[in-house]
Amino acid sequence: LWAKAVLLTSPAVATVGLSLTVPIAIASELVLPRGWLVDPSPPTPLRLAGALLVVAGFVGISLAPDPPPSRTHEAEPSHCAAGNAATPLETDTAPPSPERSRT
């Protein structure tokens, strides 16, 4: 599930999204009946503040603009940017085979 989230967003957003389990756990303590909980103590103000900071961090990183593209790809020739494809010269000039050099 995390790998799919990385593909749909970015590694940073997916990783910060994993930390949303903390606010979800606090919300479940508020919603679920006390008999279902192991430790039915109410969340403290410090826990609520921490949960709000985690949610604010997730919203902040989700709404952050994408970084500008790096300049290293602009300086490369077009054949390098296409996955290091061979240039036409490299494909036309194959080394001679051993059989040809004997004749």
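The chain is numbered in sequence order, starting from 1.
- Taking all atoms of both residues into account, the shortest heavy-atom contact from R34 to S41 is NH1-O, 4.3 Å.
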Please report, to 0.1 Å, the donor-acceptor pairs under 3.5 Å made by any side chain of residues 10-23, with sequence neighbours excluded.
residue : atom : partner : partner atom : Å
S10     : OG   : V13     : N            : 3.3
T15     : OG1  : P11     : O            : 2.8
S19     : OG   : V16     : O            : 2.5
T21     : OG1  : L18     : O            : 3.3

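- Within a 6.0 Å radius of CG in L30, other residues, nucleotides and ligands contribute more than 12 heavy atoms.
- Here the straight-line distance linking atom CD of E29 with atom CG of L48 works out to 9.0 Å at 0.5 Å rounding.
- A continuous path of hydrophobic side-chain contacts links V54 to I61 [ILVMFWY only; heavy atoms under 4.5 Å].
- The other residues sharing a hydrophobic cluster with L37 are L32, W36, where clustering joins ILVMFWY side chains under 4.5 Å apart.
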